[in-house]
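These numbers come from the heavy atoms of this one structure, side chains and all, not from hydrogens, waters or symmetry mates.
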Amino acid sequence: MLNFNHLAIAFCLFLVFQTANSQLGFSHEIGVIAGPVEFRSDFGSRFSEATNLGNSGIGIGIIHYINFAYRADCNCYSTDTYFNDHFKLRNEISWNYTVLDHHGEWVQPRYTSPNADKLRAHHGVAENFDIGTQLEYFPRSIRSFQAFSYLLAPYISLGIHYTTSSPQGSTDYGDKNIFNGNNIYSYWYQDPSFLPPIPAGETREYPINLNQRGDWSMVTSVGVRYKIGVLSDLLLDLRWQLYFNDWVDGFNHKLSYNKFNDWLIWLNVGYVYYLD
């Protein structure tokens, strides 16, 4: 299970960060986001719609913005520069959870081999806690948006997150021991009793590791804000997050079509409130 001590530490860092920036005069916004996640991993057939739609989960988060266009210390606009009027810094604490199964061609009912049964019997869970920062760019003026000159403010963002992963895995095959090589797809992990043999000079580690781990990820998104009040906005955000390792789901086989690290797409909606 996810270590929620990370959540307490993250909130403490968030409060310290917010207090420090308040002394510099920037204004702040806080909000919540939630929405469906498509987790793309080594489960299922990559680029298969059955896999993409079947391995979908949920994500929720708390977001905090530093607004450079407005100063909290004087209740006034900041110096009119391009950066202040077009960029915001977004800090985020989020969590996503996806149940994973194998979908696509090789688990169709017409396949009745032991390997097909092992694929159908293999299940997993990707559970991730994120904390990170993104820089958001608004092509249109942030000041004009806050003044109701228009109601829609599109943006793009780029940032980096630290991700703590707590994967889960199980199998319904054989003695139901996920770490028994006889219970998993033979082409993922092979001992001398399996065919075909591992090519000469190649070693292959066991493809399942359910230890909790931490690593970095890159986040980019495109979205839009809709102003519903003087101090509040709605937002719609489509995110792509690329992890810097291939063990986020606890599963990493070495077949030729496993060419990418784990990644996800997250479509979220949210509410943002202006604190100052």
Side-chain angles (χ1 to χ4, degrees), residues 1-14 33 36-44 46 51-52 54-63 91-102 119 121-134 158-171 176-181 183-185 187-190 202-221 239-266 268:
M1 295 297 292
L2 194 64
N3 184 353
F4 283 95
N5 288 333
H6 290 93
L7 184 61
I9 295 171
F11 269 113
C12 290
L13 292 174
F14 168 74
I33 53 175
V37 169
E38 281 190 5
F39 196 90
R40 311 292 178 89
S41 72
D42 300 328
F43 277 81
R46 195 174 294 275
T51 295
N52 298 338
N55 289 336
S56 298
I58 186 69
I60 58 175
I62 299 173
I63 51 178
N91 307 301
E92 179 182 311
I93 300 169
S94 61
W95 170 85
N96 62 75
Y97 184 95
T98 307
V99 175
L100 302 169
D101 282 299
H102 292 279
L119 277 178
H122 180 214
H123 315 289
V125 170
E127 183 178 12
N128 305 299
F129 170 80
D130 275 20
I131 180 169
T133 296
Q134 297 162 240
L158 180 66
I160 190 165
H161 284 202
Y162 186 79
T163 303
T164 299
S165 307
S166 299
Q168 302 171 40
S170 65
T171 181
K176 300 184 179 181
N177 179 1
I178 194 68
F179 296 105
N180 179 350
N183 295 334
I184 65 171
Y185 191 63
Y187 293 96
W188 296 336
Y189 176 72
Q190 298 166 325
E202 179 182 330
T203 58
R204 193 168 294 174
E205 63 182 323
Y206 199 75
I208 297 170
N209 185 334
L210 303 180
N211 293 332
Q212 187 179 84
R213 62 179 298 137
D215 217 323
W216 296 96
S217 60
M218 182 187 71
V219 176
T220 184
S221 66
R239 166 184 299 180
W240 178 61
Q241 182 167 0
L242 175 65
Y243 299 100
F244 292 167
N245 72 76
D246 203 13
W247 287 102
V248 176
D249 59 350
F251 176 45
N252 181 13
H253 63 76
K254 299 301 182 182
L255 296 183
S256 60
Y257 56 84
N258 177 25
K259 297 180 179 179
F260 309 107
N261 286 348
D262 297 330
W263 53 285
L264 64 77
I265 295 176
W266 183 11
N268 60 79

Contacts of Phe244 meeting ring-ring contact (aromatic ring centres under 6.0 Å, His included) (sequence neighbours excluded), chain-then-number -> none
Next item on the list: Evaluate the criterion side-chain contact (heavy atoms from CB on, under 4.5 Å) for residue pair Asn96 and Leu264; output intermediate values, then yes/no.
Entry: CA-CA 10 Å; Asn96 62 75; Leu264 64 77; 3.8 Å; yes
Residue set satisfying side chain to side chain donor-acceptor pair (under 3.5 Å) with Asn209, at least two apart, ordered chain then number -> Asn211
For residues 160-170, the salt bridge (Lys or Arg N to Asp or Glu O under 4.0 Å) pairs (sequence neighbours left out) are none
Q. Can you find a pair of side-chain heavy atoms, one from Gln134 and one from Arg239, that are under 4.5 Å apart?
A. yes
Practice item. Examine the side chains of Ser41 and Asp262 and answer whether a donor and an acceptor come within less than 3.5 Å of each other. Key: no
With sequence neighbours left out, the residues meeting side chain to side chain donor-acceptor pair (under 3.5 Å) with Thr98 are none
Only residue of Asp130, Asp215, Asn245 satisfying side chain to side chain donor-acceptor pair (under 3.5 Å) with Thr163 is Asp130
Practice prompt. For residues Ser94 and Trp266, determine if any side-chain heavy atom of one lies less than 4.5 Å from a side-chain heavy atom of the other.
Written response: yes
Mind telling me whether Tyr206 and Phe179 have parallel, tilted or perpendicular rings, with 30° and 60° as the class edges? tilted
Heavy atoms of Asp249 and Asp246 approach each other most closely as OD1-O, 3.8 Å
Residues Pro207 and His253: closest non-hydrogen pair is CB-CA, 4.1 Å
Asn128 and Ser165 have their tightest heavy-atom pair at OD1-OG, 3.0 Å
In terms of heavy-atom contacts, Leu100 and Val125 come closest through CD1-C, 4.3 Å
So OG1 of Thr220 and CD1 of Ile160: to nearest 0.5 Å the spacing works out to 12.5 Å
d(Asn55 CG, Phe39 CZ) to nearest 0.5 Å is 9.5 Å
Where does the angle between the aromatic ring planes of Trp188 and Phe251 fall among parallel (under 30°), tilted (30 to 60°) and perpendicular (over 60°)? perpendicular
CD1 of Ile178 to CG of Leu210, rounded to nearest 0.5 Å, is 7.0 Å
Worksheet entry | Any side-chain heavy-atom pair of Phe129 and Ile93 under 4.5 Å | yes
Working note: Ile184 + His122, criterion side-chain contact (heavy atoms from CB on, under 4.5 Å); need CA distance, chi angles, decisive distance, verdict. CA-CA 7 Å; Ile184 65 171; His122 180 214; 5.6 Å; no
Shortest non-hydrogen pair, Lys176 vs Asn183, comes out as N-ND2, 3.8 Å
With sequence neighbours left out, the residues meeting side chain to side chain contact (heavy atoms under 4.5 Å, CB included) with Ser170 are His123
For Trp240 and Met218 the tightest heavy-atom approach is CZ3-CE, 3.5 Å
Given the options Glu127, Arg213, Gln212, Ser166 meets side chain to side chain donor-acceptor pair (under 3.5 Å) only with Gln212
For Thr171, the side chain to side chain donor-acceptor pair (under 3.5 Å) test, sequence neighbours excluded, returns none
One should read off an interatomic distance between Leu242 CG and Trp263 CH2, to the nearest 0.5 angstrom, of 9.0 Å
